[in-house]
Amino acid sequence: MGFIEIIKRRRERKRSYQQKETKTFVEAQDKIFPSIDENIKYVKELLVDNDDIVIREFFAGNVKCATIFVDGLVNREIIDRDVIKHLMVEIQLFKEEISQKDAYNKILNTLLATSDIKEVTSFKDAILDLLCGETLLFVDGSDRIIRVSTRSFPNRGIQQPVSENAVRGPRDSFNEVVRFSTALIRRRVRDTRLRIKNIKLGRRSQTDIYLVYIDDIVDRDVLNEVKQRLSKIDIDAVIEAGMIEQLIEDDIFCLFPTIQHTERVDTAVAAIYEGRVVILCDNTNTALIVPATLMTLIQHAEDYYERWHIATVIRILRVIAALIAMTLQGFYISISSFTPSMIPPDLGLFIAATREGVPIPVFVEALFLEFMLELLREAGLRLPGPIGQTIGIVGGLIIGQAAVQAGIISPIMVILVATTAIASFAIPAYNFSISMRLLKFIYIIVCAALGLYGFILLSLIILSNLVKLKSFGVPILSPFVSFEIMDYKDTVVRLPTRYLWARPIFASTYQKIRMMYERNTLPSSAGESK
């Protein structure tokens with residue numbers, strides 16, 4: 001009875017905390033005072049102890065005005081030249097004095113030399129705009145505020161993608177300013193039906209989230225599902241897109257990702273043209289793409305820039321690499337420890353010779369080396385570039401060689417661990433690569449306990465999990481489980497571009513045709529073309 005009471009009290013306490021927290025959004029009132037002095041006083045009280053809030057009071061003729069902005073988030077040149085100076089000089093051109101009653105409309109319609117202005121009728125909206133980098137212009141005698149667009153954030157330029165390098169293809173990637181990201185997409189999609197919808201998430205952070213899609217191509221069910229899941233997020237702050245990914249993914253316990261993410265602009269644009277939805281988050285250089293399938297996680301943008309023979313061979317190589325990264329260690333342990341008779345005699349003798357004198361079992365040997373590898377990988381990532389590379393060389397070569405010479409581990413285990421590590425790097429999607437690495441440890445443990453039976457059993461469990469796993473209503477194993485024959489053209493094997501005339505059915509059921517190709521319009525050979 002006492003235990004139930006404790007649970008009830010905890011639930012009530014949690015509910016009361018949630019009710020209190022929901023009131024902590026921008027605490028401004030809706031009403032705007034007609035008196036400019038009252039408005040300025042209210043802003044000072046609301047944003048007290050903030051030294052980066054700049055308030056400039058001045059007179060436009062005989063009318064008192066004031067600009068308020070956040071230092072560091074605005075372009076001061078625009079405010080000084082196009083707002084304050086323009087108002088103070090241009091107002092002198094009016095021979096008669098402007099009454100306080102007409103001042104607001106005169107300033108709004110004729111005296112501001114900026115392209116992006118907006119009327120705000122609520123203090124709550126005005127304060128939110130102010131904190132986003134806009135400038136508020138108060139005019140005495142008016143209960144409305146003019147919001148002047150003056151955003152100018154500190155940012156880094158457009159750079160090459162770090163985690164998705166390509167030999168061939170564009171080198172620009174998303175950066176942390178979401179407006180730049182939308183501009184990069186808009187530059188490539190000159191379609192009037194492109195939609196870039198803004199949503200604000202985070203009660204305190206009010207982070208800008210953008211849904212990007214083409215209206216007459218996107219799957220409505222997927223789009224509605226995305227909007228519904230985003231609308232259910234009630235969190236105080238969204239720092240990075242990964243937080244959104246974890247809140248809207250289909251299965252939080254599954255190791256396989258159900259959302260694709262990329263920092264390449266061309267990959268995101270290709271997904272938009274396929275009918276998928278791209279989610280951009282401010283302060284994040286990564287875009288989320290839904291729905292995702294296992295094949296989209298294997299593919300890379302460069303596949304479509306190379307000829308189909310090359311792309312197909314590389315994709316097959318990636319699939320093999322994914323299987324190696326996940327299962328090679330476990331398979332070796334199950335064979336060498338439980339069923340060595342399956343190994344050819346010569347190879348078995350060679351393995352036995354390499355393990356001669358090694359004091360620890362294969363299972364412990366594999367776990368030790370994998371643990372060391374993950375440790376070195378993590379240390380290399382966290383350290384500065386040159387030092388990180390040094391750590392990798394020292395760990396990979398010197399420590400590995402010393403461990404083999406000391407007889408702690410066998411050379412063949414070093415080869416296997418290095419092979420799985422290289423194979424994991426061949427997977428384009430970083431989140432999918434991490435899943436393979438985690439599953440590798442599960443394979444090692446299960447195979448060490450159950451041998452080859454454990455290997456087969458775990459493989460069946462993973463496969464059955466993949467069969468039922470969905471990404472926003474789309475099977476993750478599409479088109480293999482949905483049996484859409486048309487989509488087989490662009491899976492592991494990629495047919496020539498001229499045959500990829502239809503959009504993937506798993507992504508869009510609207511506007512299926514994306515290319516009209518007539519064979520007779522192209523020369524079939526050099527002789528015929530003459």
Side-chain angles (χ1 to χ4, degrees), residues 16-76 78-80 82-88 99-101 103-108 111-112 114 116-154 198 200-208 234-239 282-283:
S16 65
Y17 285 155
Q18 288 175 341
Q19 290 172 353
K20 288 178 183 176
E21 286 296 316
T22 53
K23 296 177 183 176
T24 55
F25 171 58
V26 178
E27 294 170 345
Q29 61 184 20
D30 286 333
K31 181 185 175 185
I32 300 173
F33 303 106
S35 168
I36 192 171
D37 294 329
E38 284 189 77
N39 286 327
I40 293 173
K41 181 183 175 185
Y42 180 74
V43 172
K44 286 181 178 177
E45 290 175 352
L46 191 67
L47 302 173
V48 66
D49 291 337
N50 284 290
D51 295 335
D52 59 342
I53 303 295
V54 179
I55 301 176
R56 169 76 164 89
E57 299 179 42
F58 60 95
F59 279 89
N62 59 335
V63 180
K64 188 176 182 181
C65 301
T67 56
I68 302 179
F69 57 89
V70 181
D71 193 19
L73 295 182
V74 299
N75 186 337
R76 279 203 175 211
I78 295 176
I79 300 170
D80 295 343
D82 299 334
V83 179
I84 298 176
K85 183 180 177 182
H86 212 263
L87 282 178
M88 296 175 75
S99 64
Q100 202 175 55
K101 183 180 177 183
Y104 180 85
N105 290 329
K106 288 275 187 188
I107 290 173
L108 179 68
L111 296 177
L112 283 176
T114 57
D116 188 1
I117 58 176
K118 179 185 173 184
E119 275 190 310
V120 183
T121 56
S122 165
F123 237 124
K124 180 176 282 187
D125 296 337
I127 294 297
L128 185 57
D129 287 338
L130 172 70
L131 297 177
C132 289
E134 309 291 13
T135 296
L136 303 183
L137 175 60
F138 290 90
V139 180
D140 197 17
S142 174
D143 59 353
R144 291 170 289 173
I145 303 171
I146 301 173
R147 190 219 68 188
V148 184
S149 181
T150 55
R151 289 190 192 189
S152 179
F153 306 124
N198 178 239
K200 290 195 183 299
L201 286 183
R203 291 192 305 272
R204 293 178 184 274
S205 65
Q206 291 291 298
T207 307
D208 286 317
D234 185 10
I235 190 171
D236 61 344
V238 175
I239 310 299
D282 201 11
N283 308 314

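All heavy atoms count here, side chains included; hydrogens, waters and symmetry mates do not.
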## Note on the structure
All heavy atoms of Ala60 vs all of Cys65, minimum pair found to be CB-SG, 4.0 Å
### Query
What closest approach, in Å, do Leu131 and Leu73 show between heavy atoms, and which atom pair accounts for it?
O-CD1, 3.7 Å
Report yes if the side chains of [X] and [Y] come closer than 4.5 Å at any heavy-atom pair, otherwise no.
X	Y	result
Val43	Phe138	yes
Phe59	Met88	no
Ile32	Ile145	yes
Val83	Thr114	yes
Tyr104	Leu108	yes
Val74	Ile79	yes
Leu137	Leu87	yes
Ile107	Leu112	yes

What's the separation between atom [atom1] in [X] and atom [atom2] in [Y], rounded to the nearest 0.5 Å?
X	Y	atom1	atom2	answer
Ile68	Asn39	CD1	CG	8.0 Å
Cys132	Gln206	SG	CD	7.5 Å
Asp80	Arg56	CG	CZ	8.5 Å
Lys118	Ser149	NZ	OG	10.5 Å
Phe69	Asn75	CZ	CG	10.5 Å
Arg76	Ile84	CZ	CD1	9.0 Å

### Task
Flag yes if more than 12 heavy atoms outside Lys200 fall under 6.0 Å of its NZ atom; otherwise flag no.
yes
Taking [X] for the side chain and [Y] for the main chain, is one N or O donor matched with an acceptor at less than 3.5 Å?
X	Y	value
Asn50	Leu47	yes
Asp140	Ile36	yes
Glu38	Pro34	no
Thr207	Val238	yes
Asp37	Ser35	no
Glu134	Thr150	yes

### Query
What do the steps show when you test Arg147 against Asp116 for salt bridge (Lys or Arg N to Asp or Glu O under 4.0 Å), and what is the final call?
CA-CA 8 Å; Arg147 190 219 68 188; Asp116 188 1; 3.3 Å; yes
### Task
Would you please test Asp129 and Val120 for side-chain contact (heavy atoms from CB on, under 4.5 Å) and show each step?
CA-CA 9 Å; Asp129 287 338; Val120 183; 4.0 Å; yes
### Task
Show your reasoning for whether side-chain contact (heavy atoms from CB on, under 4.5 Å) applies to Val70 and Ile53.
CA-CA 5 Å; Val70 181; Ile53 303 295; 3.6 Å; yes
### Query
Does any donor atom in the side chain of Thr135 or Thr67 lie under 3.5 Å from an acceptor atom in the other side chain?
no
